[in-house]
Asker: 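To start, I am sharing the structure in question, which I have written as structure tokens.
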Amino acid sequence: MEGPAVAVCEILKYLIIYQRCETAGVSKGALLEGQLVISIEALNSKHQANTLHCVTTIAAAGSIYGGLVLKKLLKDMQSILPGFFANLNWTSEEAGHSQDASGLRPFQMIFEADVKPRTLMTDSLVIKNFLRKIITVLPKIRFNFSVKVNGILSVEIFGAESEPALNLSNGIALVVNCQHYLSTPKFDTTELPCSRIHPVLGHPVMLFIPDDVVGMGLLGELTLTPAVALCPCPKVFSNQLNRISSISIFLYGPSGLPLIFPNSEQPTTAVFKDASYFIDWKKYRLSMVPNLDLSLDSGVHTLLSAHLRAILRESHSVVQGCIQAAVARALEQHRQAVKAHQKLQASLSVAVDSIMSIMTGSTNSSFRKTCLQTLQAADTQEFGTKLHKSFQEVTQHRFLYHCSHEVKQQLLPERNEAEQNTDKAHENGSLELLAGTGEQTENKRLKRGSLGVEETGASRSAGALSPSEAASRRAEPTAAPLTFSRSRTGPGSGLEDAVWLQEISNLSEWLSSGPGP
Amino acid sequence: MAFTPRGPEASFFEVLDQHRASLLAALKRGGEEPTGGGMCLASSSEVLSSIEKIIQDIVTSLARNEAPAFTIDNRSSWENIKFEDSVGLHMVSHCTTRKIKSDSPKSVKNFAIILKILSMIYKLVQSNTYATKRDIYYTDSQLFGNQTVVDNIINDISCMLKVPRRSLHILSTSKGLIAGDLKYLEEDGTKVNCTRATAVAVPSNIQGIQNLITDAKFLLIVEKDATFQRLLDDNFCNKMSPCIMVTGKGVPDLNTRLLVKKLWDTFHIPVFTLVDADPHGIEIMCIYKYGSMAMSFEAHNLTVPAIRWLGLLPSDIKRLNIPKGTLIPLTKRDQMKLDSILKRPYITCQPFWRKEMEIMADSKMKAEIQALTFLSSDYLSRVYLPNKLKFGGWI
């Protein structure tokens, strides 16, 4: 019995793409805004044992969806989720009670299903994961997600409006807080001096669309722009990098929605099968990464994702090449950061020693006393320690300032001379892909676009912030690396339980009062 | 007993004496010569206090969680340099500055080096010992990188503390030579007599020399060591006695410039330059006369605006029919340098110099002093210089 996650994700995608289309001609490049409410209310089923009757409501605040024709949406959903629809009860309300000044009504959609409790648990995770991925590149869209099980309510708000983000030219932004890119917290990022990522953009490359895919209705030009970031920030955590514990790859479509593979297919495509190929291990003296986390969701279909494998296969070498180049730049950036840090430390050491030499050699007791008092040191030894610490603090502050102010830069793609396969004419297009069947072909406006990472973005010396096409991570001995299998495992796995427990820290009461698995 | 007269007759120096009189009159008209300008010799305790104040300021900044920084005058920026006929090139009183920050990746190393050199100066002054710039460099050549870094920072510190380099107990290595009618006492009591057949090295402690004695009618600054040695070989100082000759062996070091300045300040005798008729020689002459951009902050101690250009003048080349085969075409670099000198502020008040440079620019040729040897081997010391000095052939 399928849970609500599939439908919720597809409907949200539909709404976001709809909003994209509606606003494209009005404010090009502006970030999508809005608030969407997803609520699931589950009660013990009266007809089946160990089953919850779930009522899922999706509503959108504001008038942006006022023009949305609900019947059309339902028809589209039927074609996207045929199996799903057969089993569910749908209710579509057009929230007729309120209208805004333009006469448009806010959007609301309700559907019902009977699911097992564990299915609901898993689906909630899937929905949360999906929402997190969306807000990473569409930070101004806020999701209010609530789950009420037998009267016990849990609410979580997903949004990154107030977080630092880097705006890119196609209306997508990248949230730079590294928490958004970590599947499990490998370290307490609140304790890090800089909790941001500083992606380096690679050069966009054109992807070849196979003829058979074109025949399916996927037209236009497709470009892939990689962005690579090390986590944590290399600037203030500048020990020499010698191990990468995991590589995470996040793939986004032109509308800012995460791309997924069909559930039945192999999770990894050939391009990403061996992510170690992207890194010049010898050059940077790094040891091999043990695990790859290809953060792709399962169970939801779009036209692009349905043919993603074929597209990527056709442009295999180009994709690998551009990602390699971006990775090299990110690692080089780190290397430069390490060098800068070492240079800084060496210089500060000279400065401290020089001051100490004058201070300890002075016969002017008034001068010595004043120096000690200023730093509140009891003796010259303590003075030296405090002097060193003070220098560290003031210079750290400056580096953090640089880190935080990178975000405000608009990035433009940098020409990478090493990348020869550059049909670069179409850097900042937008590929609009509307999910749907052949009946909606006329709506599948494929403009020039980017698949995956952010367009625009010249990586400055500080690195370009762009959504992680690939994100290298620092070595963290205690971290449990994510494996692809984790995201594929169905309900019932021990590892998933552990993650679930972590996820529902705010739903702890559910464990004690809810229905059994 | 036969008396062998040294030097020419007294009438030979008539024009020189008149020139000297006019110089003295100009000095009187112009008011008192500025005594050292803004750079007075500072006592050891003053230097130590200045450095301690800098350290206190740094510690205070750190206590306020602010990154300390040095504020350095932009010594080598034309916007901070003005020209005065009586002084030459010197720094303006309110000049632009730059900050050497401790929290900037670009400048943190410089910040540290400044502190390092300050600590070394502190120790030198405290122990009343001296070191050269080269000595400083070799204490930590890896940190400093190259000598130029050390030289620049020492000058910056001198400018920042507003004391001459000598007060920092850092000496510059002297490469200059003196010869002629001059005696003095060095700081350690050593008596120096420059009338010997061989030249004497310019001392490293110019401020410390005392009891200068001379009857010299003029001081001749010679650009090149080769020319200087040639004149020594030709016994020029005796033939033109009483006179003094100095060479900086090219671009003069600080001590050579200080010595020339000291001789002028002490004796007010005419000072002439003998340089090649090329842009490089003219530039060297301008350094003695008007100062350099790099040392403009200490101009008052270094410049002698009263200097006159004796030779080799570009107009002499044609006048003396110097063979064209001895001339050298100006290189592109020469052209650029010549253009640069012509644009400098001090050239506007030197119309004769400007004319000579224009002759050079038009002919696109240059000549070394050695070109005169094509007229005769001792033409320089036997004919050229004596005639120039006797008949006032300077500009």
Side-chain angles (χ1 to χ4, degrees), chain A residues 235-236 238 336-377 380 382-403 461-462, chain B residues 44-70 99-129 136 139-145 149 153 157 161:
Chain A
K235 287 200 180 65
V236 291
S238 298
Q336 296 301 326
V338 167
K339 268 190 196 169
H341 183 81
Q342 287 169 347
K343 189 176 157 188
L344 171 70
Q345 292 306 311
S347 298
L348 291 184
S349 179
V350 169
V352 168
D353 288 346
S354 302
I355 293 173
M356 289 304 295
S357 166
I358 293 170
M359 207 277 204
T360 54
S362 172
T363 54
N364 184 343
S365 58
S366 165
F367 160 68
R368 290 164 52 84
K369 193 176 169 189
T370 305
C371 286
L372 289 172
Q373 280 176 348
T374 307
L375 282 191
Q376 296 177 351
T380 50
E382 194 184 344
F383 177 79
T385 308
K386 287 193 170 184
L387 189 68
H388 187 84
K389 192 178 168 205
S390 299
F391 266 118
Q392 293 284 1
E393 282 171 5
V394 296
T395 51
Q396 188 91 304
H397 172 74
R398 174 65 177 239
F399 278 101
L400 285 177
Y401 178 87
H402 276 305
C403 282
S461 59
Chain B
S44 295
S45 59
E46 283 170 347
V47 173
L48 294 177
S49 293
S50 297
I51 295 174
E52 284 165 3
K53 169 98 179 35
I54 289 172
I55 300 302
Q56 272 183 6
D57 289 344
I58 290 173
V59 173
T60 304
S61 287
L62 289 171
R64 289 200 293 253
N65 209 28
E66 292 167 4
F70 290 112
K99 280 200 181 305
I100 310 289
K101 297 180 187 175
S102 59
D103 63 345
S104 163
K106 287 179 188 169
S107 64
V108 63
K109 187 173 179 186
N110 263 359
F111 179 88
I113 291 177
I114 292 174
L115 274 173
K116 172 83 175 174
I117 294 179
L118 275 173
S119 70
M120 295 171 74
I121 290 170
Y122 194 86
K123 288 226 173 318
L124 287 171
V125 172
Q126 241 187 357
S127 59
N128 198 26
T129 52
I136 302 275
T139 58
D140 198 339
S141 57
Q142 200 170 4
L143 169 69
F144 298 127
V149 169
I153 286 181
I157 290 174
L161 299 180

Asker: Among A:Ser354, A:Cys371, A:Ser390, which has the most heavy-atom pairs under 4.5 Å with chain B?
Answerer: A:Ser354
Asker: Within the 3.5 Å criterion, strictly below it, is a donor on A:Gln376 or A:Glu382 matched to an acceptor on the partner's side chain?
Answerer: no
Asker: At a heavy-atom separation under 4.5 Å, does A:Phe383 approach chain B through its side chain, its backbone, both, or neither?
Answerer: side chain
Asker: Could you check whether any side-chain N or O of A:Arg368 sits under 3.5 Å from a backbone N or O of A:Thr363, counting only pairs where one atom can act as donor and the other as acceptor?
Answerer: no
Asker: Any heavy-atom pair between the side chains of B:Ile55 and A:Phe367 that's under 4.5 Å?
Answerer: yes
Asker: Would you indicate whether the side-chain heavy atoms of A:Ser347 and B:Phe111 approach each other to under 4.5 Å?
Answerer: no
Asker: Which region of B:Ile58, side chain (C-beta onward) or backbone (N, CA, C, O), has a non-hydrogen atom less than 4.5 Å from a non-hydrogen atom of chain A, or is it both or neither?
Answerer: side chain
Asker: Against chain A, work out which of B:Leu62, B:Ile114, B:Leu115 has the most heavy-atom pairs shorter than 4.5 Å and name it.
Answerer: B:Leu62
Asker: Quick one: what part of A:Ser357 sits under 4.5 Å from any heavy atom of chain B, side chain, backbone, both or neither?
Answerer: both
Asker: Using a cut-off of under 4.5 Å for heavy-atom pairs, which of B:Lys116, B:Gln56, B:Lys109 has the most such pairs with chain A?
Answerer: B:Gln56
Asker: Could you look at B:Leu143 and say if it's the side chain, the backbone, both or neither that has a heavy atom under 4.5 Å from chain A?
Answerer: side chain
Asker: Please state whether the side chain, the backbone, both or neither of B:Lys53 comes within less than 4.5 Å of a heavy atom of chain A.
Answerer: neither
Asker: So, B:Ser61 side chain and B:Glu66 main chain: donor-acceptor pair closer than 3.5 Å or not?
Answerer: no
Asker: Using atom types as modelled and distance alone, determine if a side-chain donor or acceptor of B:Ser49 lies under 3.5 Å from a backbone N or O of B:Ser45.
Answerer: yes
